[in-house]
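Here's the structure, in structure tokens; my notes come after.
When reading the values below, keep in mind they use all heavy atoms of this one structure, side chains included, and skip hydrogens, waters and symmetry mates. In what follows, chains are A, B, ... by sequence order, proteins preceding strands, each numbered from 1.
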Number of protein chains: 2
Amino acid sequence: MVQNEDAEPRRRGRPRAYDPQAALQQAAERFWRSGYSSTSLDEISAATGMNRPSLYAAFGDKHALYLKALERYWQFSLVAVREALADGEQTLDAALMRVYDGQLAIYFSGDGPPRGCFAIGTATTEAVEDAEIRSALADGLRALDADFEARFRMARERGELRDDADPAALAVLASATLHTIAIRARAGVPRGELREIALKAVRVIRG
Amino acid sequence: MVQNEDAEPRRRGRPRAYDPQAALQQAAERFWRSGYSSTSLDEISAATGMNRPSLYAAFGDKHALYLKALERYWQFSLVAVREALADGEQTLDAALMRVYDGQLAIYFSGDGPPRGCFAIGTATTEAVEDAEIRSALADGLRALDADFEARFRMARERGELRDDADPAALAVLASATLHTIAIRARAGVPRGELREIALKAVRVIRG
DNA sequence: AGGGTTTTATTCGACATGGTACAAAATGAG
DNA sequence: CTCATTTTGTACCATGTCGAATAAAACCCT
């Protein structure tokens with residue numbers, strides 16, 4: 001943590017030429033597409049417009065930069081999930097489909113080929129040998145499960161589900177549906193098919 | 001395709017010092033753990049005992065080697081799935097759990113940390129920018145869906161499922177369950193928890 | 001035994017990569 | 001204006017990487 005992240009940016013020396021948050025976003029785009037290992041710092045340097053020393057000063061080495069990008073992605077992605085689930089008025093089906101539609105919009109965002117989920121698509125590979133990436137991945141997956149589970153619990157209390165429904169089990173299946181969509185997106189399955197998968201999954205999960 | 005893969009190995013020159021299939025297996029182990037980009041040919045050379053020129057002569061360049069390893073993995077993995085589903089006597093629940101237990105055995109095989117699914121864990125990352133890997137990944141995912149779907153269709157005809165059950169939809173959910181398990185294995189979730197996930201998923205899918 | 005053939009082993013080279021050293025540039029403070 | 005401070009830009013270095021070129025070794029066939 002640096003003091004005064006955005007408060008009083010009036011500092012002494014030469015002012016920064018680039019917005020760190022925008023640069024982090026662009027670095028994430030590169031990692032998102034090519035993964036951690038095959039994305040070079042030169043590519044990130046070109047994408048952000050920052051040269052390597054500036055990159056290093058701002059975010060640390062490549063590993064730290066990736067972790068920051070991953071953390072940022074999880075925040076963004078999970079906020080979208082929570083917002084989709086937040087509206088208490090909508091039915092369970094509608095809430096779930098809002099989640100899937102929102103994530104699909106993320107998976108198919110940007111130029112170039114569809115990239116699916118940044119975390120699932122790139123962190124999964126590194127997770128085996130990298131404890132920090134592994135724990136960042138695990139934390140995100142747990143958070144997704146928890147968000148779904150809370151919504152299923154609410155649905156059961158409201159009578160949208162049978163009394164003997166298991167919110168945790170349904171949450172894992174809802175997560176699994178998102179995971180399979182994330183993978184298939186990178187495998188080239190078109191967006192329409194993925195939405196169809198979400199629709200059918202919701203029908204089965206709802207019971 | 002090389003002529004005479006295993007028939008009549010009596011050839012003219014110096015005999016091979018290593019079994020190509022065993023070497024391919026060991027190469028796959030390395031890719032499986034570290035992914036495509038961050039596994040060097042030197043590592044594979046050390047693991048197989050073959051030096052790089054021999055490796056190159058036997059399998060082509062790194063990319064071709066990875067594709068061969070991936071193809072081999074899919075064959076192995078899908079054969080296990082089909083064998084688990086083949087026994088027509090067992091109930092749907094038992095058949096599904098045999099699939100999941102079989103795949104879990106693969107995901108947690110070998111020394112070192114759990115590696116999950118080789119295809120999902122490593123090909124997903126490369127799939128965006130590599131058309132060959134992408135299509136190998138897509139083919140495997142489709143084959144898994146098809147195997148599950150055939151079993152669900154049989155279950156419906158036998159009365160193990162309701163008449164209005166959608167075999168394709170259930171198959172995607174069964175695949176999704178396997179995919180989420182594959183991801184979570186790499187994220188460090190212990191095997192027992194993953195089996196619990198499979199159990200609960202089967203209960204929901206069966207209805 | 002000797003030639004032909006295939007594989008192995010050593011070595012090389014061109015290149016990419018991550019990280020850093022150092023000087024120039026751009027600002028605020030005094 | 002001058003100096004301290006911070007960032008930028010260029011250049012550099014050590015290392016790792018892939019692939020290939022070449023020579024040595026081990027076998028079959030005549």
Side-chain angles (χ1 to χ4, degrees), chain A residues 2-24 26-27 30-31 33-69 122 126 129-130 132-133, chain B residues 2-24 26-27 30-31 33-69 125-126 129-130 132-133:
Chain A
V2 180
Q3 69 242 13
N4 293 345
E5 275 282 296
D6 47 351
E8 297 295 327
R10 248 22 191 159
R11 274 173 300 191
R12 283 279 302 250
R14 176 170 175 171
R16 286 195 194 133
Y18 308 96
D19 173 25
Q21 287 303 308
L24 186 54
Q26 282 160 325
R30 303 303 306 174
F31 281 132
R33 178 173 166 131
S34 312
Y36 175 71
S37 320
S38 51
T39 301
S40 71
L41 288 185
D42 278 344
E43 286 180 71
I44 295 177
S45 176
T48 58
M50 300 168 66
N51 39 38
R52 279 211 307 280
S54 298
L55 222 42
Y56 194 85
F59 306 109
D61 64 6
K62 185 183 178 184
H63 190 253
L65 174 57
Y66 177 82
L67 279 175
K68 285 188 171 66
T122 71
E126 313 300 326
E129 289 193 317
D130 188 311
E132 290 180 291
I133 295 180
Chain B
V2 180
Q3 70 245 12
N4 294 347
E5 276 282 297
D6 47 352
E8 298 296 327
R10 250 12 191 167
R11 274 172 302 191
R12 284 277 302 246
R14 177 171 175 171
R16 286 194 195 137
Y18 307 96
D19 172 26
Q21 287 303 309
L24 187 53
Q26 282 160 324
R30 302 303 306 171
F31 281 133
R33 179 173 164 130
S34 312
Y36 174 71
S37 321
S38 51
T39 302
S40 72
L41 288 185
D42 278 344
E43 285 179 73
I44 294 176
S45 175
T48 59
M50 302 168 66
N51 39 38
R52 278 210 309 282
S54 298
L55 221 44
Y56 195 86
F59 307 109
D61 65 5
K62 184 182 177 184
H63 189 253
L65 174 58
Y66 177 82
L67 279 176
K68 286 188 170 67
T125 296
E126 313 299 327
E129 290 193 316
D130 188 310
E132 291 181 290
I133 296 180

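- Between the CG atom of A:Leu41 and the P atom of C:dG19 there is a distance of 6 Å, rounded to whole Å.
- Distance CZ (A:Arg12) to P (C:dA29): 7 Å, rounded to an integer number of Å.
- Rounded to an integer number of Å, the gap from OH of B:Tyr18 to P of D:dA26 is 13 Å.
- By the side chain to side chain donor-acceptor pair (under 3.5 Å) test, B:Tyr66 pairs with B:Thr122, sequence neighbours left out.
- Counting only residues at least two apart or on different chains, no salt bridge (Lys or Arg N to Asp or Glu O under 4.0 Å) pair has a member in residues 58-69 of chain B.
- D:dT17 atom P lies 13 Å from atom OH of B:Tyr36, rounded to whole Å.
- For the atom pair B:Leu65 CG and B:Leu41 CG, the distance stands at 7.0 Å (nearest 0.5 Å).
- In terms of the salt bridge (charged side-chain N to carboxylate O under 4.0 Å, His left out) criterion, A:Glu132 has no residue partners (sequence neighbours excluded).
- The stretch residues 45-64 of chain A touches DNA chain C through A:Arg52, A:Pro53, A:Tyr56, A:Asp61, A:Lys62, each having a heavy atom within less than 4.0 Å of the strand.
- For A:Arg30, the side chain to side chain contact (heavy atoms under 4.5 Å, CB included) partners are A:Thr39, A:Glu43, A:Ile44, A:Ala47, not counting sequence neighbours.
- Secondary structure note: stems in DNA chain C built from 3 or more consecutive Watson-Crick or G-U wobble pairs under 3.5 Å occupy C:1-30 with D:1-30.
- Nearest-nucleotide assignment on DNA chain D puts the 5′-proximal partner with B:Asp42, out of B:Asp42 and B:Gly13.
- In this structure, B:Arg16 reaches the C:dT7 phosphate: one of its side-chain N or O atoms is under 4.0 Å from OP1 or OP2.
- Between the CZ atom of B:Arg14 and the P atom of D:dC27 there is a distance of 8 Å, given to the nearest Å.
- A:Ser37 comes within 4.0 angstrom of no nucleic acid atom, judged by non-hydrogen atoms across all strands.
- Residues meeting the side chain to side chain donor-acceptor pair (under 3.5 Å) test with A:Ser45, sequence neighbours left out: none.
- Atom CG of residue A:Asp130 and atom OG of residue B:Ser34 lie 11.5 Å apart, to the nearest 0.5 angstrom.
- Judged purely by atom type and a 3.5 angstrom limit, A:Tyr18 uses its side chain to pair as donor or acceptor with the backbone of A:Gly49.
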If you look only at distance, which donor and acceptor atoms sit under 3.5 Å apart when one is on a side chain in residues 50-59 of chain B and the other is two or more places apart or in another chain?
residue : atom : partner : partner atom : Å
B:Asn51 : OD1  : B:Ser54 : OG           : 2.9
B:Arg52 : NH1  : B:Asp42 : OD1          : 2.4

